[in-house]
Amino acid sequence: MPPVPPPARPLPPLVPDPPFDITRASHVSLAVKDLGAARDFYAAVAGLVVTAEDRDTVYLRGIEEICHHSLVLRRAEGPATCDFIGLRVRRESDLEEAKAHFDRSGTRATWIDRPFQGRTLLVEDGARIPIDLCA
């Protein structure tokens, strides 16, 4: 008889008026040792569409994705890792509100440039995972 899983944890209460609106998970960037093999897997096997590429980077998206990319593959020398994850905010003004919120809380948030992404705010979560916020 298989073990019985523990009961599900209750969802935390909703924040009725958040300081800025995150609408969804947006994208992820992976560092990969074999860029060609990773490209082939995500395009030919998983069915993602290549939207741009150069010698060291491939941008892909799902067929119903309206943004430029939802997956970035970056050539790396070491083992595969996750470079960062992206979250989409509702409006451009949410980026300003997020920056002010992080500044008030003492959380480092910096404006960065990423190709094909528009204005992006980089912040680290509590586990020090880099998070891109973009509109």
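- Trp111 places none of its side-chain heavy atoms less than 4.5 Å from the side chain of Leu122.
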Checklist entry - Step by step, would you call Thr57 with Leu73 a side chain to side chain contact (heavy atoms under 4.5 Å, CB included)? => result CA-CA 6 Å; Thr57 313; Leu73 303 173; over 6 Å; no
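- Here the rule is side-chain contact (heavy atoms from CB on, under 4.5 Å) with Asp94, and of Glu92, Glu97, Glu96 only Glu97 fits it.
- Proximity of Ser93 to Phe20: side-chain heavy atoms (C-beta onward) are nowhere separated by under 4.5 Å.
- Annotation: salt bridge (charged side-chain N to carboxylate O under 4.0 Å, His left out) contacts of Asp125 (sequence neighbours excluded): none.
- When the shell of 6.0 Å around CZ of Arg90 is examined, it contains 12 or fewer heavy atoms from other residues, nucleotides or ligands.
- In the hydrophobic cluster analysis, where Ile, Leu, Val, Met, Phe, Trp and Tyr join through side-chain heavy atoms closer than 4.5 angstrom, Leu71 is grouped together with Phe41.
- Each of Arg74, Arg75, Arg39 was compared with Glu53 under the salt bridge (charged side-chain N to carboxylate O under 4.0 Å, His left out) criterion, and only Arg39 meets it.
- Here the straight-line distance linking atom CD1 of Ile129 with atom CG of Asp83 works out to 12.0 Å at 0.5 Å rounding.
- Of all heavy-atom pairs between Leu133 and Ala98, the closest is CD1-CB, 3.9 Å.
- Taking 4.5 Å as the limit, some side-chain heavy atom of Leu87 sits within range of a side-chain heavy atom of Ile131.
- Two residues are said to be in side-chain contact when any heavy atoms from C-beta on lie closer than 4.5 Å; Asp132 and His27 meet this criterion.
- With a 4.5 Å cut-off on side-chain heavy atoms, Cys82 and Val28 count as touching.
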